[in-house]
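Each remark here refers to the structure printed beneath this line.
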Amino acid sequence: MFSPAIRKPHLLHRRDREEASPSPPPAAPAHSPSPRGFAISDRPATGTPAPWTSSSLLARISTSKRTDRVGDSDQIQPVHVAEFPQVVRNAQASLLQKNFSGKSMFAGGIDKETSLAWMICGNELFIWNYSASVAKDCLVLDVPSSLIGYKDVKSLSGIQWAVCIMRWHSSGASTRNSGEILYRKSSTGVILCNKRTQAVAYWPDIYAEFNKSLILSSPGYGEVSASDGASDRFRFNSIIAAAVPGGTHECIAIASEPTGALWLFQCSPEGIRRKKVHGDTLGDGGADHSQKSNGGRSLAWLPNYVSSEGSDRKFFLLTNNEVQCWSISLLHDIDIKKLGSQEIVGTDGDVSIKKDIAGQKNVWLLDMQIDEHGKEFSILVATFCKDRVSGSNYTQYSLLTMLYKPNQKFSAEDNAVKVERFLEKKAPSQVIIPKARVEDEEFLFSMRLKTGGKPSGSVIILSGDGTATVAIYWRGSTRLYKFDLPWDAGKVLDASVIPSADDRDEGAWVVLTEKAGVWAIPEKAVLVGGVEPPERSLSRKGSCNEAVAEEKRRTQVLSAGVVPRRVSSEAWSAGERQRPTLTGIAQQAVVDEESEILLNRLFHDFIISGAVNEALQKLRAAGAFDKEGEMNIFVRMSKSIVNTLAKHWTTTREAEFLASTIVSSLVEKQQKHEKFLQFLVLSKCHEELASKQRAAMLIIMEHGEKLSGMIQLRELHNTLIQQRSSTHLSPQLKTQITGALWNLIQLVGEKARRNTVLLMDRDNAEVFYSRVSEIEDLFYCLSHQLQYIISREEHPSVQMQRALELANACITLVHAALHYRKEHKEWYPSPEGLITWNSHPVVRSGIWSLATFVMELLGESGAADMSMKFNLWSQLEGLTDILLEAYIGLLTAKFERGDEHGALVQEYCERRDELLGSLYNVAKQIVEDKYQESRDGTDNLDLKESIFRDVSSPILATAKRHEGYQTLWQICSDLNDSVLLCSLMHDSVGPHGGFSFFVFKELVNRRQYSKLLRLGEEFQEELASFLKDRSDLLWLHEICLNQFSSASETLHTYALHGSPDEDASVTTSRKPLSFAERRRLLYLSKIAATAGKDIDYEAKVARIEADLRILKLQEEIVQHDPEYAQVKYTTTLLDPSELIDMCLKRDQDLSLKAFEVFASTSSSFRSSNRGLLEACWMNATNQDDWVKLSEASMSEGWSDEVIQESLQGTVLFKASRLCYSPDSVVYDGTFEDVLPVKKEDVHLRGLESKCLSVEEVLMQHKDFPDAGKLMMTAVIMGKELSYTAAEPVEMDS
């Protein structure tokens, strides 16, 4: 139907086959006549003999014509992925020798979810993993004769068989991408269906060791099946299956008939229950079945996470004119119901395919696929048309893409409106072939559609005659690429998509052939090797050869001189790595091809002659230094050297030969890379790169690092292989114990093979050891796929051994790279701001994942003997070292760049503490174990200490190097070694005070103040800096150092301002200071000040005494105020102004306390609070009845003595005596400086503009006109009268 993209010179291929196969191959089976009634003249009627008479012949033929120069033609040819397992080859050969006919069975397919391929040969079903270049562990299941059918049934073709594979307990895409690579036999169920007889076989677990029970189900009494006659009306044409959540090896399958009927199969280890859940989806009742044979095209599940509505799942049925939406409940009572339907072929061209237009005779909906996101429905459509000009008939093939509405609400089943629009057109139908040959319906309905492969948006169409054609709309036109090989590979049995190793949605197309194994179609093959579909009619039979001739002319224009041949990884070594996306054309646009060719020629000349021939000038003139980083041609040259693939040979001694080839290849690469570095130095290109393109030069040197690491890793791998071969263990146990590194290599190699189609013909190990520059992929697999290498279900000792092997591999690899860096340090550019490969996130993440797993194993009590733990503990030390060094390198580069690195510092510190903590905990167990083995039944503490120091020394060194202060503190504490502690405190001087501050904080938290103060004698400045916010401890440190004056100030400050929330980082839970504690601290401050005897110590003592008086006044004042005597003010110091306000609100006694507070404050406080002082005088005046006192003195004729005696009892007199008398106690100046007594004193002191006098304040009182003379007399008496004339007011304590 579809013309191939590239035709081959058949004579050349026939000659190649004759040379490669001296003996004739077995006779090919007779081919059935073409459904179109004629044979294509370009291919023999019997088919070209397939070159697979021996297991390695195909590979030898495909590589015999290779050349060293590989061009773009390699990228537009199919790539060999894997051969058939030998058991399948034997079964095929047996069928050919027996010339099987009649009930011959030859069918196959690929399951995308599990990467399993299957094939039916004779009475056997073969299942194997096709992703390996050499298929292993092929499973053979016997197909019972009852499943095949009866004698009167015509022979079954491949399309009459369907296989559904269910992976039990599957975790999604990552499972098929990783676990399957290791060939671990996960529990898997298989359903085999004979579509024509409707017989079903079910294997609950094909990998079960003892019970591979087969369960059969055939149509029962009263059920119509193919055995009732020759009609195919009641065959199955589509079947889908799904596991039942929560069930044990339970699944359901749904099958559709051409009539539209649906069948449900409930499969379990107990049996298969089948029932017809819907008899007629076409809705015609008893209409003619000949019209219904076009119904029930295909079934498709909506992805589970899209239709996640509890236990319900949705599936869709494509019929002759519509798409039906169904729902199935997977609970105990499985229920299927129809939700709605949408017309695809109808009268509305905006929402469907419009029918009955001019020239259109019929429309067939052939197949339907749903993408992995459940968003797009792709429908393959064939339209039978008639050319109105020539009158000839033709078929037009197109692709209709519909968008699914996931939130569509469907009406009830009994609702009159049953047609729901849950799909909408994404775009008009994409025409694949405008005019193609007219086919019969049987051929049309044999076509299958596949979606999801690369290039993005492409589809592959499989037809019943065994052809596979990729179609894509690209650059404004549709392009077709037909899978074809230079020899007869037989039919294409099925097609699928290689699951991406990075869990991306799309992978390369892969096809299963009838005779030549599994092949992949590169992305570029479709884009570059595809051709536009023919525009003229292909309806006449004789036009086939004309179409081929036209196609050949198109092909010559697109790829002149391309010789069709098997393409493989040889193309890889000829150039740059082919990325998952199309990068070959893009790279040509950015790489200066002339300078790259020049560099290759100059380097080649240097290898031969040793001369550089003015290479620097030539390369500079060619622009070789214009590109940066990875695109620099020197980097690309270095990368091509280290990534070169060895020549691909086929041999019966595959494993030994491959091992020796890898070793020799790595050594050759290292020698050539050293030559390249010498060339750079001698040509002075190294100097140019190191000064102007430091990043590029670093990458070149890192290629040498990685190559050195890879060589050491290969040596370790060889050592493990030798140990395994010399150990007397069963093969299964050997694989369990020593296969961890091999499994890791398989994962990394498979990841590269899946992402790069050109590597599919290579062994995983060969790919891994060849892709030196991509060594980071090893750490990626450790980070994302460690659970597939080390299963938690294995015995703990096995887990430890496998983890030990992986840790040893990582340490060996990184240490070898770092050793190379040290040995070649003079070759490296200046490192400022450059980030090395071992500091990349993927590397750090991989090491951390492995280290975390090791810590979990070591943390499990009783997991293994102590010797195993000790070995694993030693490897964890190595992992810790390389991981923390990677962090340090990255932090240094970020700091030099000025990049933000706060989050990275936090991650570094958290992982450092966790690693060191785990190491130290296990170290203590090792010490105890060694001590118990070494002691002679008696306690020997010196021996135990010696063992402890020996075991903990590497941890101590790592913790010291990376500021692991918690671990350093624990070691010193457990040893009780103050000398070691002080030594570490002197050496570990880092940010935030270093280790000294950490020790101080630990001692404070533990309330070990005596130890803290003893350390302060040696670390005086450090402890003083640490305690700057801890006055409660700082004064003790200062007293110990005889710094009495400083201690006095600290105590004074702490007594007045001490608070429990000064510094949360160094403060434990402390209660607020009480008045008694504050008083004690003030007395201590006074004593310290006196002991210090500084020049101004007397002023300090006076201030302390004043604060003592204020403290005592607050105690007295709050006792007179119930509101303020509560909890809040029993410990908190109040501001003097607040105390004075409290006094103004209370009785006569407190009014005098206000003046005492003023007397104990500083002169600046009195000056800034003159208004408050004036208010105190007014309040003092209000405490006595001056009018009454004046009237009594006048009416009774008091003498001066009586008046004086009466005035001494007034508050004004007492206040004046407190403030102005010669014996008054006033701190820091006098009240005269702030508020003189008389008005004339203000003028004498020159304070007219600054303040009033007491006299002026009293003049504002309402009673001053009547008793002003007595008021002033009282004030003046208080100023002039000493305390000997009256009981002095107690002012001190």
Side-chain angles (χ1 to χ4, degrees), residues 111-114 162 164-167 170-173 175-176 191 237-246 251-256 260 262-266 277-278 281 296-319 322-331 334-344 351-352 365-380 399-411 413 418-426 448-453 459 496-497 499 503 505-506:
D111 184 73
K112 178 180 178 182
E113 295 299 319
T114 60
C164 300
I165 301 177
M166 282 74 59
R167 180 78 76 203
S170 174
S171 60
T175 299
R176 67 171 185 260
I191 294 176
N237 55 6
S238 181
I239 183 170
I240 56 177
V244 176
C251 64
I252 58 101
I254 302 171
S256 67
L262 293 182
W263 288 81
L264 172 65
F265 297 86
Q266 295 175 250
V277 294
H278 200 274
T281 60
R297 299 281 190 267
S298 64
L299 292 165
W301 288 112
L302 189 67
N304 195 25
Y305 56 87
V306 179
S307 60
S308 56
E309 300 175 0
S311 59
D312 292 352
R313 285 200 65 177
K314 291 180 181 177
F315 65 93
F316 295 84
L317 172 65
L318 180 69
T319 68
E322 66 181 11
V323 173
Q324 299 176 0
C325 179
W326 292 73
S327 175
I328 180 170
S329 175
L330 299 178
L331 294 175
I334 295 180
D335 179 46
I336 297 181
K337 60 181 178 180
K338 181 179 178 182
L339 299 180
S341 61
Q342 178 169 333
E343 192 176 54
I344 302 299
V351 297
S352 61
L365 303 182
L366 303 181
D367 198 8
M368 175 181 66
Q369 288 285 305
I370 304 176
D371 71 343
E372 289 190 351
H373 299 288
K375 296 180 179 179
E376 292 188 1
F377 285 51
S378 300
I379 302 174
L380 180 63
L399 188 68
L400 176 64
T401 304
M402 309 286 285
L403 297 178
Y404 175 63
K405 303 176 183 178
N407 299 322
Q408 174 69 38
K409 301 297 182 182
F410 294 96
S411 60
E413 180 68 22
K418 294 184 179 180
V419 178
E420 308 282 354
R421 285 191 178 179
F422 50 87
L423 300 173
E424 62 180 13
K425 258 188 177 181
K426 180 180 180 181
R448 289 171 291 160
L449 178 69
K450 302 286 183 177
T451 61
V459 299
S496 184
V497 176
D503 290 340
D505 295 335
E506 298 173 344

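Quick note: numbers below take in every heavy atom, side chains included, and nothing from hydrogens, waters or symmetry partners.
- Between Pro303 and His373 the shortest heavy-atom distance is CG-C, 4.2 Å.
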Output, in order, the C-alpha distance, side-chain angles, deciding distance and verdict of side chain to side chain contact (heavy atoms under 4.5 Å, CB included) for Asp111 and Arg167.
-> CA-CA 11 Å; Asp111 184 73; Arg167 180 78 76 203; over 6 Å; no

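- Counting heavy atoms from C-beta on, the side chains of Trp263 and Val277 never come closer than 4.5 Å.
- Under the side-chain contact (heavy atoms from CB on, under 4.5 Å) criterion, Thr451 pairs with Gln369, Ser378, Leu449, Val459, sequence neighbours left out.
- Heavy atoms only, all atoms of each residue included: Leu423 and Tyr404 are closest at CD2-CA, 3.8 Å.
- The CD1 atom of Ile239 sits 6.0 Å away from atom CD1 of Ile191, with the distance rounded to the nearest 0.5 Å.
- In this structure, the separation between CD1 on Ile370 and CE on Met402 is 12.5 Å, given to the nearest 0.5 Å.
- Between the side chains of Ser298 and Asn237, no donor N or O sits under 3.5 Å from an acceptor N or O.
- Side-chain atoms of Lys425 and Leu400, non-hydrogen and from C-beta on, do get closer than 4.5 Å to each other.
- Side chains of Asp335 and Ser329: no donor on one and acceptor on the other come within 3.5 Å.
- Separating the CG atom in Leu330 from the CZ atom in Arg313 is a distance of 7.5 Å, to the nearest 0.5 Å.
- Distance alone, capped at 3.5 Å, is enough to place a donor-acceptor pair between the Trp301 side chain and the Ala241 backbone.
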In sequence, state the C-alpha distance, the side-chain angles, and the governing distance for Ile165 and Glu113, and then conclude on side chain to side chain contact (heavy atoms under 4.5 Å, CB included).
-> CA-CA 9 Å; Ile165 301 177; Glu113 295 299 319; over 6 Å; no

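- Distance check: Trp326 CH2 to Leu262 CG gives 5.0 Å after rounding to the nearest 0.5 Å.
- With hydrogens and angles ignored, the 3.5 Å screen pairs no side-chain donor or acceptor of Arg421 with any backbone N or O of Gln342.
- The local environment of NZ in Lys426 is sparse, with at most 12 non-hydrogen atoms from other residues, nucleotides or ligands closer than 6.0 Å.
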Going through the distances and angles, do Phe422 and Val323 end up as a side chain to side chain contact (heavy atoms under 4.5 Å, CB included)?
-> CA-CA 10 Å; Phe422 50 87; Val323 173; 4.1 Å; yes

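- In this structure, Ile336 CD1 and Asp312 CG are separated by 11.5 Å, a value rounded to the nearest 0.5 Å.
- Summarising the geometry, atom CG belonging to Leu339 is positioned 11.0 Å from atom CD belonging to Gln324; distances are rounded to the nearest 0.5 Å.
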Given side chain to side chain contact (heavy atoms under 4.5 Å, CB included), test Ile252 with Val244 step by step and report yes or no.
-> CA-CA 7 Å; Ile252 58 101; Val244 176; 3.9 Å; yes

